[in-house]
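Below, all heavy atoms of this structure are taken into account, side chains as well, without hydrogens, waters or symmetry copies.
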Amino acid sequence: MRCRITLASLMLTLGLLGCSEPPALSAPSPEPQASFLWFEYQGMDEVFDAPLALDRYQNPVAAGFFPDPSITRKGQDYYMAVSSFAYTPGVPILHSRDLVNWQLLGHALTRPSQLDVAGARVSRGIFAPTLRYHDGLFYMITTLVDKGGNFFVTASDPAGPWSDPVWLPELDGIDPDIFFDDDGRVFIAHNGPPPGEPLYEGHRAIWLWEFDPKSQKIKADSGRIIVNGGVDLSKQPIWIEAPHLYKINGWYYLLCAEGGTADEHSEVVFRSHSLDLPFRPYKGNPILTQRDLDPARPAPITTAGHADIVQTPQGQWWAVFLATRAYAQRFYNSGRETFLLPVSWQDDWPHILPAGQAIDYRPQKPDGLANSPVDEALTGNFTWRDEFDQPSLSLHWSQLRDFSSHWWHIHKGKLLVKPQTGRLNSAESLSFIGRRQQHMHYRVSTALNLSSTGFSAGLTAFQNEQYHYYLGARRVAQGMQVFLEQAAGDDGQVIVTTLLEVPANGDINLAIEGDKDSIRFSYQLGEQAWQPLGGTFDGKLLSTQVAGGFVGTMLGVHSRLEPVEPGV
């Protein structure tokens, strides 16, 4: 059947004959979007308060979640790589001219072709890199657990870009090290399974393989175990790992971590006159640990180990290693940090710290290295503020599990974030950008505007999927709802909420303040006084001892779709 439309009927339909008003066209709903106007982080630790003497430096040299440091030197410049686990971009690269002032230079893994951590839990992903400079090229070798194993990338400039991965499927284990011998041969050492069945929980071994740089492949059947279990297998040492090989004064030295990354962590050393001969442990092992100190000592530095060493142009040797600053004897929220100490030599054996001696917060500076301050310090007390006045994110920001930027962009001094369905308790893609907690006592704050209803946005203190806080805001019919969600070993639930009268286009300021085992949340409207949301909450939920894993707390922004209004 054919339809016939007359002019009159069309005009009547459009309401142009005066018989009725034309139908009103509803305005399209604004796209869900959170606008963050600025973000500020302030560190206020007591151990950093006193003025620093000119001949001293501050430990840790990289505070916060900068674990498993590996160091190399090119001329007068020093570079470090640290673990990143499931955060992207992967493997932060740090730079210094004097070993004590470090700045974040970039990342080695900056694109999906280099790193796939989709679906990974926070403490999976990238483990323990080794960074080396050899013959005009930088090598970064590491492990991507669960998704491919061991690989390396290269770059002529450590700031990047770095190559796509060269995978090493023959290596079964983690923590690879690459060593360039002076005869032109190249070797890779790593943590791997022991021969046969493990004799006990934590029984591991260190393997050594020869690598062909021309074919970029492991030489078949070259693998052998050079350390079984650790310093003394009869004592059942656990988790021998993080090997680093060096050739110094005719000796081959092998540094390893032993004892696990918690309170029993340590650094041990072995040596041999040839890579074809057995490695013998030092009778004075461990050469670094804090496990034999009184845990009740003031401002304890704990869990020291996982070291790498470097020589200055003046001939001095220095060690970087991970350790943690604890409160209540053994708790820490900021993750494993990077410390620096000098290396001394006794009977051709390296020593980092005598037994029973506490790590110094303010040791003496290296000789012969002129002080080289940096623009954005990684230690001491400081305030860091992002006005979002650059087209790209600061190097200090990290995403989780992906490199996607489809849900955020920076425009006219605002970070614009589109909410996704992903929540903090999931392993899916989510709208989250965070920076490291670098102090025991800190405060983060932001100004926030919400475009519409149906989603929330705000600040988060995030340790992992089951341990975090989310200070969120969402528009509802009655105004603005501010709520606090706590995950304490579960998927999280809203524990405090309040309803505010906020204009449709009004902003709200949010803040989180943490101090060791306590954490507080607050909000502000306009120039009014800050108002607390609830009281003081449990900060230990964000500690490694409670949450588990290998990372530190990240402080940042989050937004998500909220189909159901959160309740108390």
Side-chain angles (χ1 to χ4, degrees), residues 28-36 39 85-90 112 115-125 146-147 393 397-411 414-435 446 448-477 480-497 508 510 512 521 547 549 551 553-568:
S29 300
E31 183 180 26
Q33 181 173 262
S35 300
F36 293 91
F39 181 96
F85 298 93
Y87 286 104
T88 57
L115 178 61
D116 177 11
V117 283
R121 293 292 172 174
V122 175
S123 284
R124 305 304 289 175
D146 304 329
K147 286 194 175 183
L393 286 174
W397 289 115
S398 294
Q399 294 177 217
L400 188 56
R401 304 186 191 95
D402 69 58
F403 296 90
S404 176
S405 60
H406 70 87
W407 51 267
W408 69 265
H409 69 283
I410 295 174
H411 181 66
K414 297 178 181 179
L415 173 64
L416 306 177
V417 178
K418 296 179 182 179
Q420 300 183 81
T421 57
R423 302 171 71 89
L424 293 171
N425 65 352
S426 74
E428 60 184 295
S429 176
L430 68 160
S431 299
F432 164 85
I433 302 173
R435 60 149 292 146
T446 192
L448 172 65
N449 184 281
L450 305 178
S451 65
S452 63
T453 60
F455 74 100
S456 68
L459 292 173
T460 180
F462 182 81
Q463 175 68 224
N464 62 33
E465 294 86 359
Q466 274 68 54
Y467 291 89
H468 56 261
Y469 285 97
Y470 175 38
L471 174 61
R474 66 190 301 265
R475 291 196 178 278
V476 293
M480 174 100 56
Q481 186 183 64
V482 179
F483 63 92
L484 177 63
E485 181 179 276
Q486 178 194 73
D490 51 26
D491 288 341
Q493 58 183 333
V494 172
I495 57 174
V496 184
T497 185
I508 185 171
L510 301 175
I512 301 175
F521 305 86
V551 301
T553 299
M554 299 290 270
L555 304 164
V557 302
H558 173 53
S559 183
R560 70 189 187 207
L561 296 172
E562 293 278 8
V564 179
E565 184 173 322
V568 178

Just jot down the ring-ring contact (aromatic ring centres under 6.0 Å, His included) partners of Phe36, sequence neighbours excluded, or say none.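 With neighbours one apart ignored, the set is empty.
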Output all residues satisfying ring-ring contact (aromatic ring centres under 6.0 Å, His included) with Phe455, sequence neighbours left out; order by chain, then residue number.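 For Phe455 there are no ring-ring contact (aromatic ring centres under 6.0 Å, His included) partners, ignoring immediate neighbours.
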Are [X] and [Y] side-chain neighbours, meaning at least one heavy-atom pair lies under 4.5 Å?
{"X": "Val482", "Y": "Ile508", "answer": "yes"}
{"X": "Gln463", "Y": "His468", "answer": "no"}
{"X": "Val494", "Y": "Gln486", "answer": "no"}
{"X": "His558", "Y": "Leu424", "answer": "yes"}
{"X": "Val557", "Y": "Leu459", "answer": "yes"}
{"X": "Ile433", "Y": "Phe39", "answer": "no"}
{"X": "Leu115", "Y": "Thr88", "answer": "yes"}
{"X": "Lys418", "Y": "Glu31", "answer": "yes"}

Can you give me the closest heavy-atom contact between [X] and [Y], atom names plus distance?
{"X": "Leu416", "Y": "His411", "value": "CD1-CB, 3.9 Å"}
{"X": "Ser456", "Y": "Ser559", "value": "O-OG, 2.8 Å"}
{"X": "Ala86", "Y": "Val117", "value": "O-CG2, 3.8 Å"}
{"X": "Leu430", "Y": "Gly422", "value": "CB-O, 3.6 Å"}
{"X": "Ala547", "Y": "Asn464", "value": "O-ND2, 3.1 Å"}
{"X": "Ser398", "Y": "Met554", "value": "CB-CE, 3.7 Å"}

Are any side-chain N or O atoms of Asp491 and backbone N or O atoms of Gln493, one a donor and one an acceptor, separated by less than 3.5 Å?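 Judged by distance alone, no pair lies under 3.5 Å.
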I'd like to know if the side chain of Thr460 reaches the main chain of Tyr469, judged simply by a donor and an acceptor atom lying under 3.5 Å from each other, with no hydrogens or angles considered.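 Between the backbone of Tyr469 and the side chain of Thr460 there is a qualifying donor-acceptor contact (under 3.5 Å).
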Which is it for Leu393 and Trp408 under the side chain to side chain contact (heavy atoms under 4.5 Å, CB included) test, yes or no, and what are the steps along the way? CA-CA 10 Å; Leu393 286 174; Trp408 69 265; 3.5 Å; yes
Output the distance between atom [atom1] ([X]) and atom [atom2] ([Y]), rounded to the nearest 0.5 Å.
{"X": "Leu415", "Y": "Ser35", "atom1": "CG", "atom2": "OG", "answer": "8.5 Å"}
{"X": "Leu510", "Y": "Leu471", "atom1": "CG", "atom2": "CG", "answer": "4.5 Å"}
{"X": "Arg474", "Y": "Leu450", "atom1": "CZ", "atom2": "CG", "answer": "10.0 Å"}
{"X": "Arg401", "Y": "Ser426", "atom1": "CZ", "atom2": "OG", "answer": "6.0 Å"}

Evaluate the side chain to side chain contact (heavy atoms under 4.5 Å, CB included) criterion for residues Thr497 and Leu484: first the C-alpha distance (whole Å), next the side-chain angles of each, then the deciding distance (0.1 Å), finally the verdict. CA-CA 6 Å; Thr497 185; Leu484 177 63; over 6 Å; no
Arg124: salt bridge (Lys or Arg N to Asp or Glu O under 4.0 Å) partners, not counting sequence neighbours: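 For Arg124 the salt bridge (Lys or Arg N to Asp or Glu O under 4.0 Å) partners, ignoring immediate neighbours, are Asp146.
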Using the test salt bridge (Lys or Arg N to Asp or Glu O under 4.0 Å), find all partners of Lys414 that sit at least two apart in sequence or belong to another chain.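 None.
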Can you list the residues that meet the side-chain contact (heavy atoms from CB on, under 4.5 Å) rule with Asp402, with sequence neighbours excluded?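 Scan of Asp402 (side-chain contact (heavy atoms from CB on, under 4.5 Å), adjacent residues dropped) gives Gln399, Ser404, Trp407, Ser429.
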Using side-chain contact (heavy atoms from CB on, under 4.5 Å) as the criterion, list what pairs up with Thr421, not counting sequence neighbours.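 Here the qualifying residues are Glu428, Leu561.
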Taking NZ, NE, NH1 and NH2 as the nitrogens, is one of them in Arg560 or Glu485 under 4.0 Å from a carboxylate oxygen of the other?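 Salt bridge present between Arg560 and Glu485.
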Using 30° and 60° as the class limits, which term best fits the ring planes of Phe432 and Tyr87: parallel, tilted or perpendicular?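 Plane angle between 30° and 60°, so tilted.
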Which of parallel (below 30°), tilted (30 to 60°) and perpendicular (above 60°) describes Tyr470 and Phe483?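 It falls in the perpendicular class, over 60°.
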